[in-house]
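Here the structure comes first, spelled out in structure tokens, and everything after it is commentary.
We count residues from 1, following the sequence as given. Fair warning: this is a prediction, and the values are worked out from it, not measured in the lab.
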Amino acid sequence: MQYINRKLNGKWITTSEFEKLPYINVFHRYLDSYPVPKSEFQNCHILFRKRFFLDKTKNAKIFIGADDCFKLYINGKFVSECFSQNLREIDIEKYLSKGENLLAVHTYYHGLINRVFVSGDNCHGLLCDIIVDGKTVLSSDETFLYSYHEGYKSNGIIGYDTQFSEIYDAGAKQVGFEKVNFDDSEWKNARVKENALCTLGVSQAKLLVFETIKPVLEKTDYGYLADFSSNFVGYLNLTAKGEKGSEIILRFGQELDDNGRVRYKMRANCTYEDRMILSGTDDELSEFDYKAFRYAEIILPKDAEIDEKSITLTARHYPFETKEKNFEDEALNKIWKLCIHTLKYGVQETVQDCPDREKGYYLGDGSYIALTFGKLTGDWSLFRQLIRDALNTSHVSPSLLTCLNCSLIQEIAEFPLIMVNAVNIYLSLTDDREFVEDIIPDLKALLDYYHQEYTDGVLINRIDKWCVVEWPEQFRDNYDVNLEQNSLLCDTHCVINAYYYAALCSFNNLSCTAVYDTETVKKAYLEAFYDEKNYCFKDSATSEHSSFISNVFSYAFGLCPDTSAEEKIFCEIQQRGISAVNIFALFPLMYKLKCDGRDLTQFISDERAYLNMLSQGATTTFETWGKEKKWNTSLFHLTLSYIAFFM
């Protein structure tokens with residue numbers, strides 16, 4: 001597959017400690033017994049500075065990447081940040097001046113196996129080139145200076161090893177490192193990491209947008225309660241002054257508890273509590289990692305004062321513009337606005353499932369989110385990046401990984417098949433044959449692997465990865481197949497074969513030729529799963545149980561043998577409503593209904609679905625239809641916002 005790579009003149013630079021660390025290979029197959037050693041370092045904030053001179057600044061850009069991530073400053077001004085992999089190309093002309101300039105970069109090494117970064121691998125470093133008028137004028141090397149930032153300590157781990165809560169010490173001597181007049185005379189020279197990979201893919205994603213959101217502010221007996229009106233993704237800002245060493249407690253949440261306090265121990269199993277240690281002078285809060293929140297509770301020590309006007313939220317998100325839409329039905333207007341706000345403020349450098357608990361770049365969820373984002377905005381950069389990133393995991397697993405650009409290894413059987421179907425939809429919406437032709441060989445290799453490794457020649461009857469079917473589990477309607485995550489699945493079951501059939505059909509359409517014999521697959525599917533007496537589909541070839549989810553997927557992917565079966569299942573779908581399914585069945589179901597010309601209003605307006613979220617105060621879509629539907633429900637989960645695709 002074609003991928004835009006760039007060879008930089010710069011060298012991977014790091015610290016003297018990281019230079020000596022042995023590389024930890026975090027990549028392996030999902031079910032392999034592969035012990036990954038624990039990384040020696042965690043939660044490391046590492047700063048770089050470099051002064052350089054220019055006699056011109058026209059047409060200036062920087063190519064920059066860091067492991068795990070970075071925030072970039074030039075001449076004391078914030079330029080951008082990137083929490084995802086690959087190089088970024090950034091225009092920097094407006095930040096430069098003739099004469100002396102300062103490049104300052106805040107890099108970060110997380111150190112845990114997680115869904116956000118490729119971390120826990122002992123790899124840290126910075127790589128960059130600055131190019132002016134086509135000429136490289138600065139490259140990362142040993143003349144760069146570095147220092148560890150002592151102002152960031154851990155206050156605990158958030159989510160599934162997702163991020164560290166922060167104790168920010170405003171009196172640390174590295175505070176203000178990005179400023180031109182900062183004294184770096186005690187900093188050390190960077191070390192070059194030999195044999196590091198210096199040819200990286202340049203991300204095609206756009207740079208993030210940053211907005212300032214002002215709160216409704218309430219003075220309380222403990223300090224302040226800030227309500228930013230909706231969930232956003234970003235950082236709290238404030239300026240405070242107090243006795244040196246005293247602490248401000250910062251709590252964040254997406255809802256209030258019964259006492260009107262911020263529910264910082266969130267439903268998503270994230271504890272959003274940070275601290276700020278004051279220096280004795282005017283201090284500005286500088287949080288490094290972002291959070292997903294609506295409310296902020298600022299608990300002040302007795303001696304501290306705060307500038308109320310300084311309390312704001314910096315929301316970060318991918319560029320998002322779409323046309324206004326007004327429905328005659330006010331309920332539909334509310335659902336539309338809910339989804340649009342979720343997509344606008346939830347999508348980051350990648351399409352994550354949620355920006356709180358996992359921040360996971362999931363292939364299955366992401367395919368549907370990226371399709372929706374592209375259809376609404378006309379910007380397909382994130383979708384194409386998702387497909388590239390997914391196909392690039394084939395070096396670990398020929399049938400691809402579930403969570404992309406991270407060190408946590410997971411494989412879900414349906415997700416690569418969802419991707420193939422999503423590419424087919426993408427082609428129908430964009431007619432982008434150039435992109436499709438580029439990835440056709442990789443898609444065929446993927447489906448050939450499924451055929452060779454997982455089928456008996458026709459149907460999938462064994463698989464070395466998890467089948468999720470639907471999530472959470474209660475939406476499987478007692479699906480009669482053992483779906484243990486960490487075991488080999490040997491059942492010939494309905495849902496995975498429905499996905500497989502749909503992916504083969506999609507590929508035939510993408511390649512404009514009948515590469516795969518889908519008629520034979522459909523015939524075998526009906527023989528294995530269809531109960532012709534009851535016009536329904538059984539869960540597996542060895543079960544008599546017919547779950548709603550088996551029938552929904554069979555219906556959605558066009559596997560009903562005749563109109564009688566199709567109408568019977570459709571009537572059941574009408575009766576149960578979309579609230580009877582969830583994240584994975586809803587999109588293909590709605591796509592089928594839309595293609596068949598069915599009226600979607602009755603389904604979208606299901607009072608137990610989106611309207612139930614809204615009745616519970618949702619400002620962003622939940623992970624499921626209500627706060628109590630799951631043991632760790634995220635109240636800012638992007639996946640179900642894809643209903644906007646059909647509105």
Side-chain angles (χ1 to χ4, degrees), residues 1-14 48 50 59-74 79-96 103 105-108 116-119 123-141 144 193 196-209 316-319 347-352 361 363 366 370 373-374 379-395 401 404-406 426 432 434-439 442:
M1 181 189 64
Q2 181 183 359
Y3 201 85
I4 301 173
N5 289 322
R6 185 175 182 91
K7 173 71 175 178
L8 299 190
N9 294 321
K11 299 176 181 178
W12 273 107
I13 56 174
T14 187
F48 292 93
K50 174 64 179 178
N59 298 324
K61 63 179 65 176
I62 187 170
F63 288 90
I64 182 169
D67 197 341
D68 296 330
C69 62
F70 69 86
K71 292 187 178 183
L72 170 65
Y73 303 83
I74 293 178
V79 178
S80 193
E81 61 187 42
C82 184
F83 278 62
S84 62
Q85 304 297 309
N86 302 318
L87 288 170
R88 302 309 302 262
E89 178 182 354
I90 306 173
D91 292 329
I92 57 172
E93 180 178 342
K94 66 181 180 181
Y95 300 98
L96 297 172
L103 176 71
V105 188
H106 186 159
T107 67
Y108 180 65
V116 187
F117 307 112
V118 179
S119 199
C123 290
H124 162 266
L126 172 70
L127 175 68
C128 68
D129 277 356
I130 292 180
I131 297 171
V132 179
D133 251 355
K135 181 180 178 181
T136 302
V137 298
L138 179 70
S139 298
S140 49
D141 61 16
F144 278 55
K193 184 72 172 180
L197 180 65
C198 291
T199 301
L200 291 178
V202 180
S203 173
Q204 301 303 291
K206 297 177 181 177
L207 296 178
L208 294 178
V209 172
R316 47 169 273 165
H317 63 87
Y318 205 75
V347 173
Q348 302 297 309
E349 299 106 316
T350 59
V351 281
Q352 302 167 335
Y361 186 16
L363 177 56
F373 191 94
D379 180 358
W380 292 98
S381 56
L382 284 174
F383 182 84
R384 291 189 291 265
Q385 187 74 45
L386 171 80
I387 304 305
R388 291 187 181 102
D389 289 339
L391 293 174
N392 280 340
T393 68
S394 63
H395 76 280
L401 298 180
L404 311 177
N405 292 358
C406 71
Y426 166 81
D432 184 1
E434 182 180 359
F435 176 74
V436 169
E437 290 298 326
D438 183 36
I439 63 173
D442 300 276

* Working to the nearest 0.5 Å, report the span between CG of Leu386 and CG of Asn405. => 9.5 Å

* Asked: Just how far is it from atom CG of Asp389 to atom CG of Leu404, taken to the nearest 0.5 Å?
  -> 6.0 Å

* Asked: Can Cys128 and Phe144 be said to form a side-chain contact (heavy atoms from CB on, under 4.5 Å), step by step?
  -> CA-CA 11 Å; Cys128 68; Phe144 278 55; 4.1 Å; yes

* **Shortest non-hydrogen separation from Leu207 to Ser80 and the atoms involved** => CD2-OG, 3.8 Å

* Over all atoms of both residues, closest heavy-atom pair of Cys82 and Cys69 -> O-CB, 3.1 Å

* To do: Would you please name every residue forming a side-chain contact (heavy atoms from CB on, under 4.5 Å) with Val116, sequence neighbours left out?
  => Asn114, Thr162, Lys359

* Non-neighbouring partners of Asp379 that pass salt bridge (charged side-chain N to carboxylate O under 4.0 Å, His left out), sequence neighbours left out -> Lys206

* Pair Tyr318 + Phe373: ring centers closer than 6.0 Å -> yes

* From CA spacing to verdict: side-chain contact (heavy atoms from CB on, under 4.5 Å), Leu127, Asp67 -> CA-CA 9 Å; Leu127 175 68; Asp67 197 341; over 6 Å; no

Within a strict 4.5 Å, meaning less than it, do heavy atoms of the [X] and [Y] side chains meet?
{"X": "Tyr73", "Y": "Val79", "answer": "no"}
{"X": "Lys61", "Y": "Asp91", "answer": "yes"}
{"X": "Tyr361", "Y": "Gln348", "answer": "no"}
{"X": "Gln352", "Y": "Phe83", "answer": "no"}
{"X": "Leu96", "Y": "Ile74", "answer": "yes"}
{"X": "Leu126", "Y": "Ile64", "answer": "yes"}
{"X": "Ile90", "Y": "Leu72", "answer": "yes"}

Ignoring hydrogens and angles, tell me if any N or O in the side chain of [X] forms a donor-acceptor pair with the backbone of [Y] under 3.5 Å.
{"X": "Thr14", "Y": "His124", "result": "yes"}
{"X": "Gln204", "Y": "Gln385", "result": "no"}
{"X": "Asn392", "Y": "Arg388", "result": "yes"}
{"X": "Ser203", "Y": "Leu87", "result": "no"}
{"X": "Thr107", "Y": "Ala66", "result": "no"}

* Asked: In terms of side-chain geometry, is the basic nitrogen of Glu81 or Arg88 positioned less than 4.0 Å from the acidic oxygen of its partner?
  -> no

* To do: Decide yes or no on side-chain contact (heavy atoms from CB on, under 4.5 Å) for Ile62 and Leu103, but give the supporting numbers first.
  => CA-CA 11 Å; Ile62 187 170; Leu103 176 71; 4.1 Å; yes

* Asked: Considering the options Ile131, Asp129, Thr136, which one meets the side chain to side chain contact (heavy atoms under 4.5 Å, CB included) requirement together with Leu8?
  -> Asp129

* Structure fact -> With Leu382 as partner, the option from Ile387, Val347, Thr350 fulfilling side chain to side chain contact (heavy atoms under 4.5 Å, CB included) is Val347

* Asked: For the residue pair Phe117 and Tyr108, does the interplanar ring angle fall in the parallel (under 30°), tilted (30 to 60°) or perpendicular (over 60°) class?
  -> perpendicular

* Mind telling me whether Phe383 and Tyr426 have parallel, tilted or perpendicular rings, with 30° and 60° as the class edges? => parallel

* For Asp432 and Trp380, run side-chain contact (heavy atoms from CB on, under 4.5 Å): C-alpha distance rounded to whole Å, both residues' side-chain angles, the deciding distance at 0.1 Å, then the answer. => CA-CA 10 Å; Asp432 184 1; Trp380 292 98; over 6 Å; no

